[in-house]
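In this text, all values refer to a predicted model and were calculated from it rather than measured experimentally. Chain identifiers are assigned alphabetically (A, B, ...) following the order of the sequence lines, protein sequences preceding nucleic acid strands; residue numbering begins at 1 within each chain. Just the heavy atoms: all of them, side chains too, but no hydrogens, waters or symmetry mates, feed the values below.
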Number of protein chains: 2
Amino acid sequence: MIHYTHPSRILVALDCIIFGFDGEELKLLLIKRNFDPESGKWSLMGGFLNEYEDLEAAAQRILYDLTGLRNNYLEQLQTFGAVKRDPVERTISVVYYALVNIQQQDINAIKAHNAYWINLSEKPDLIFDHNAMVDQALRQLRYKAALHAIGFELMPDKFTIPQLQKVYEAIYNTQLDRRNFSRKIISTELLIDTGDKDTNSVTKKGKLYRLNTEKYQQYLTDYVSFFPELTLS
Amino acid sequence: MIHYTHPSRILVALDCIIFGFDGEELKLLLIKRNFDPESGKWSLMGGFLNEYEDLEAAAQRILYDLTGLRNNYLEQLQTFGAVKRDPVERTISVVYYALVNIQQQDINAIKAHNAYWINLSEKPDLIFDHNAMVDQALRQLRYKAALHAIGFELMPDKFTIPQLQKVYEAIYNTQLDRRNFSRKIISTELLIDTGDKDTNSVTKKGKLYRLNTEKYQQYLTDYVSFFPELTLS
DNA sequence: TCAAAAGTGTTGATATTACACCCATGC
DNA sequence: GCATGGGTGTAATATCAACACTTTTGA
């Protein structure tokens, strides 16, 4: 096999920011490291890219190993490549972020990795440049959620509109008007009334909806524009 | 020095999509390759990451080598990492895209690299996965330009509002209403009237503006939201 | 004086906001 | 009955889109 003459072959890692939502707060799945380097400290879930493995497949593998989940929302965020970002050896890290339905996870897999769901507001200091990765992932999540309806990715299969509202309030760390939010969501026609009611609620039981997945596919590719008079193809 | 035991060190390349605007059409700076592999075909400008070089610095180096430009708008797009994307050897490519003021370029540097400005609408077929890279860069440009005022990055130092409008029409491949566009841009207070007039115009000479760079910095970090009632920090 | 491009003004339609009011549930 | 949270309605306001009209310039 022919090779390039360029000498610098570099270790390629992947790191994964995993967002979840427990009904109240936005959460991160973090690892309390019991292995070197930086054993005892907190970090993101990561791994190395194998020689005969597509980059995207490696990200899916890492997410699957930790959570037992496939077919989640998984998007490449950015590649971090400062020379000294990893003190052990020059390593660039391709960072992905995932949105998971926290109720579908494999609890044993998570325990086996010594991983814990931590409220974003209580995030501990992380190793290397993992803090910057989380910062950027949150920024990207806010971006995406402003243009696409990806809040649903964090919801269970059936959910009420007030529950969905809490996701958005958590993402943007703000308060929304219940009545306006409800009307806006219903007008998207992304929700299908299941006919069931939320039995967990203490007071009035809200309607349980599920996502209209076909309509949702459109919302993932379409987007809202800064120039509303534009019609984008 | 300690090393990781993981065996797979991989060649890391960078590729750069360079957008420019000539007053009428959105253009790409492409290379007619006179070197292997794929000599004779068209490609993006690229290079390899060196062992003691930050990723971001490598992207800037590659852009500088080709255009003589520094301090341009340069943003990491995504990393492409399919196993077979480069037939010579397993190589992942970190892709950046740049917006340049076409009048500030170093023509000799461009000639030396056998590079040409090609209208986006006349883009030839490119090697490897470079077509997909361009597609995604255009998508990202449309995204960014919808939320931030980066259209200015493609303009000369002094420009008229109708010229700026042509940039946006080129990015979104659409027509905009002159009067509404003008009012919207002026309301941002991003423009400073230079007092000069556009001497190139054949008919009525338009006002030449320059960018209010302080205000522009805000527009780069702020963004417009899908939920207008949100006040984002 | 006419065509072409630039600049300014107005208005109806639409979307957004900030409310008020009613309903269901458990104590 | 009453506190709590869910569901629906409406009116004032802000924004957007689609226009008409005026100004400047060169031929």
For A:Lys184 and D:dG7, give me the distance from atom NZ to atom P, rounded to whole Å. 18 Å

Whole angstrom value for the distance that separates C1' of D:dC21 from CZ of B:Arg178: 11 Å

Quick one: do the B:Glu169 and B:Gln165 side chains pair a donor with an acceptor below 3.5 Å? yes

Gap between atoms OH and P, on B:Tyr209 and C:dA6 respectively (whole Å): 12 Å

Integer-rounded Å distance: D:dG5 C1' and A:Gln165 CD: 12 Å

Separation of B:Lys205 atom NZ from D:dA27 atom P, in whole Å? 9 Å

State whether the distance check finds a donor on one side and an acceptor on the other, under 3.5 Å, for side chain A:Arg179 versus base C:dA20. yes

When only distance counts, do a donor and an acceptor, one from the side chain of B:Asn180 and one from the base of D:dA18, lie under 3.5 Å apart? yes

Quick note, B:Lys204 side chain, CB onward, closest among D:dG7, C:dG7, D:dT4 is C:dG7

Closest non-hydrogen contact found for A:Asn72 with A:Val100 is OD1-CA, 3.5 Å

Between the base of C:dG9 and the side chain of B:Arg183, is there any donor-acceptor pair under 3.5 Å? yes

With no hydrogens and no angle check, just 3.5 Å: does a side-chain donor-acceptor pair link A:Lys205 and A:Asn200? no

